[in-house]
Amino acid sequence: MNLELFDATEAAEPAALPLADGALLLRGFALAAQYQLLADVRGVIAAAPLRHLITPGGLRMSVATTNCGALGWVSDRRGYRYDAIDPERNLPWPPMPASFRALARQAAARAGFDAFAPDACLVNRYLPGAKLSLHQDRDEHDFSAPIVSISLGLPAVFLFGGLRRADKALRVALRHGDVVVWGGASRLRFHGVLPLADGQHGLLGGERVNLTLRAAG
Ligand code: MD3
Ligand code: FE
């Protein structure tokens with residue numbers, strides 16, 4: 001009779017999987033808010049269009065990005081930085097939607113980071129073949145705050161390395177609705193995303209969107 005369409009335990013408390021010291025994967029944590037999140041992602045992209053940034057080395061990133069919040073992460077020939085102004089539009093970034101802020105705060109609290117107050121949200125859009133090479137996130141001022149990531153759409157294989165680039169990386173599938181809190185001893189770990197595989201997602205079609213919320217300023 002119960003065809004497992006609804007599991008009350010899972011719905012109330014999605015699985016929390018510790019990946020490493022300071023890194024907590026909350027499977028499906030964003031599902032309850034998925035429609036609001038998606039509508040808000042579309043609003044942000046409509047205001048500040050996705051673009052392929054150029055790395056300081058002159059390469060065009062395969063991932064397309066935009067931002068919302070007081071600060072946005074940008075890259076060009078001069079380097080990586082956070083900027084209050086979108087250089088494409090010469091305007092501030094669109095405000096951070098309440099749905100992003102609330103979900104990130106709840107997820108961070110689950111991982112033991114109280115009162116997480118992100119001032120930047122990087123929106124990454126992956127089409128099949130798009131990838132993110134192994135890197136550290138170290139352009140933020142305060143590494144004591146975590147980064148919260150929200151995955152929507154097609155699944156990706158995430159590479160979770162160590163504190164040195166050469167350290168062996170764990171592979172983790174990140175799926176629609178997954179939220180990960182990266183803080184503490186994991187905050188400066190190298191990480192990346194393997195090239196996105198083709199597929200179709202019911203809500204997002206042939207793409208993946210990842211939101212990373214940061215206390216950058
Ligand atoms: C682990 N984004 O935007 S989110 C990035 O799926 C970025 O778009 C990936 O890496 C994406 O910088 C991965 C997961 C993530 C984000 C930040 C981290 C993992 C992290 C910071 C430290 C350690
Ligand atoms: Fe990163």
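We use all heavy atoms of the structure for the numbers below, so side chains are in, but hydrogens, waters and symmetry mates are not. In listed order, ligands and their atoms are each counted from 1.
Protein residues having a heavy atom under 4.0 Å from any atom of ligand 1 are L122, N124, Y126, L132, H135, D137, I147, S149, F158, W182, S186, R187, R189, H191, V193, R208, N210, T212, R214, listed by chain and number.
Sorted by first and then second residue, the side chain to side chain donor-acceptor pair (under 3.5 Å) pairs involving residues 30-59 (not counting sequence neighbours) are Q34-H176, Q36-D40, D40-S99, R51-D86, H52-R60. Within the structure, the ring-ring contact (aromatic ring centres under 6.0 Å, His included) test picks out the following pairs touching residues 101-136 (sequence neighbours left out): H135-H191.
Remark: R171 fails to qualify as a cation-pi partner of F160 under the 6.0 Å distance and 45° angle criteria applied to the six-membered ring.
The main-chain N or O of N124 is never found under 3.5 Å from a side-chain atom of T65 such that the two would form a donor-acceptor pair.
W93 is linked by a side-chain hydrogen bond (donor to acceptor under 3.5 Å, both in side chains) to nothing, counting only residues two or more places apart in sequence or in another chain.
Between the NE2 atom of H191 and the OD1 atom of D137, the angle taken at the Fe ion (ligand 2) works out to 90° after rounding to 10°.
A ring-centre distance under 6.0 Å is found for F158 and W182.
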